[in-house]
Q: 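First the structure, which I've put down as structure tokens, then a few questions once you've had a look.
Because the structure is predicted, anything quoted here is derived from the model rather than measured.
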Amino acid sequence: MAFCITYVWLTPHREFQLIVREHNASAAVALGGSLIGFSIALAGAIHNTQSPLQFVAWGFVAFAVQVLAYRLARFGHPGLSHAIQQNAIAAALWVAAVSISAGILSAACMSP
């Protein structure tokens, strides 16, 4: 939940307003992809850590990787936020794919 709240706060567009009020599928796909990517990384942390402190540390790493992934996706698509606001599904799929890929790579880096 903390990831979702912070991630939404960091993005220039307002995902929940777009999803709930405007039924914007692009915002839902983009946010969903970031949640999936973060969850994959957290699953790797759960599987591979041996203490709560390690888990929390890897959770912060997973969060930072997702923020970096979003920034890189915006670098590759400078109008990303505007495109999502306009419900451009291609932009949403781009950011979702980057987020999920980052989550998979994060999880792999956590393995012993």
Q: Can you give me every donor-acceptor pair (side chain of residues 69-77, partner residue at least two apart or in another chain, under 3.5 Å) with its distance?
A:
| from | atom 1 | to | atom 2 | distance (Å) |
| --- | --- | --- | --- | --- |
| His77 | ND1 | Gly79 | N | 3.4 |
| His77 | ND1 | Leu80 | N | 3.1 |

Q: How far apart are the C-alpha atoms of Tyr7 and Leu35, what are their side-chain angles, what is the distance that settles it, and do they pass the side-chain contact (heavy atoms from CB on, under 4.5 Å) test?
A: CA-CA 9 Å; Tyr7 185 87; Leu35 291 171; over 6 Å; no
Q: Quick one: ring pair (Phe, Tyr, Trp, His ring centres under 6.0 Å) pairs with a partner in residues 17-61, sequence neighbours left out?
A: Phe3-Phe38
Q: Hey, what do you get for CD1 (Ile89) to CD1 (Ile84), rounding to the nearest 0.5 Å?
A: 9.5 Å
Q: Quick one: CD1 on Ile19 to CG on Leu31, what's the gap to the nearest 0.5 Å?
A: 5.0 Å
Q: Testing the basics here: between Leu18 and Ala27, what is the closest heavy-atom pair and its distance to 0.1 Å?
A: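 Nearest pair, atom of Leu18 first, then Ala27: CB-CB, 3.7 Å.
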Q: For Asn87, check side chain to side chain donor-acceptor pair (under 3.5 Å) against everything at least two apart and list the hits.
A: Ser26
Q: With sequence neighbours left out, write down each residue that passes side chain to side chain donor-acceptor pair (under 3.5 Å) with Gln85, or none if nothing qualifies.
A: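 Applying side chain to side chain donor-acceptor pair (under 3.5 Å) to Gln85 gives none.
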Q: Given the rule that I, L, V, M, F, W and Y join up when any side-chain heavy atoms are under 4.5 Å apart, are Val67 and Trp9 in one cluster?
A: yes
Q: For Leu42 and Gly59, work out which heavy atoms get closest and say how close.
A: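 Scanning both residues, the minimum pair turns out to be CD2-CA, 3.9 Å.
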Q: Following the transitive rule for hydrophobic clusters with a side-chain heavy-atom cut-off under 4.5 Å over Ile, Leu, Val, Met, Phe, Trp and Tyr, establish whether Val65 and Val8 coincide in one cluster.
A: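 Different clusters.
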Q: Rounded to the nearest 0.5 Å, what separates atom CD in Gln66 from atom OG1 in Thr6?
A: 13.0 Å
Q: Starting from Leu10, can I reach Val95 by hopping between I/L/V/M/F/W/Y residues whose side chains sit under 4.5 Å apart?
A: yes
Q: Without swapping roles, check the side chain of Arg21 against the backbone of Phe16 for a donor-acceptor pair under 3.5 Å.
A: no
Q: Can you list the residues that meet the side chain to side chain donor-acceptor pair (under 3.5 Å) rule with Thr11, with sequence neighbours excluded?
A: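 Side chain to side chain donor-acceptor pair (under 3.5 Å) check on Thr11 returns Glu15.
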Q: Is there a path of hydrophobic side-chain contacts, each under 4.5 Å between heavy atoms, that joins Leu105 and Val61?
A: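 No, it is not one cluster - the side chains of Leu105 and Val61 are not joined through contacts under 4.5 Å.
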Q: Which pairs, with at least one residue in residues 88-106 and sequence neighbours excluded, count as a side chain to side chain donor-acceptor pair (under 3.5 Å)?
A: none
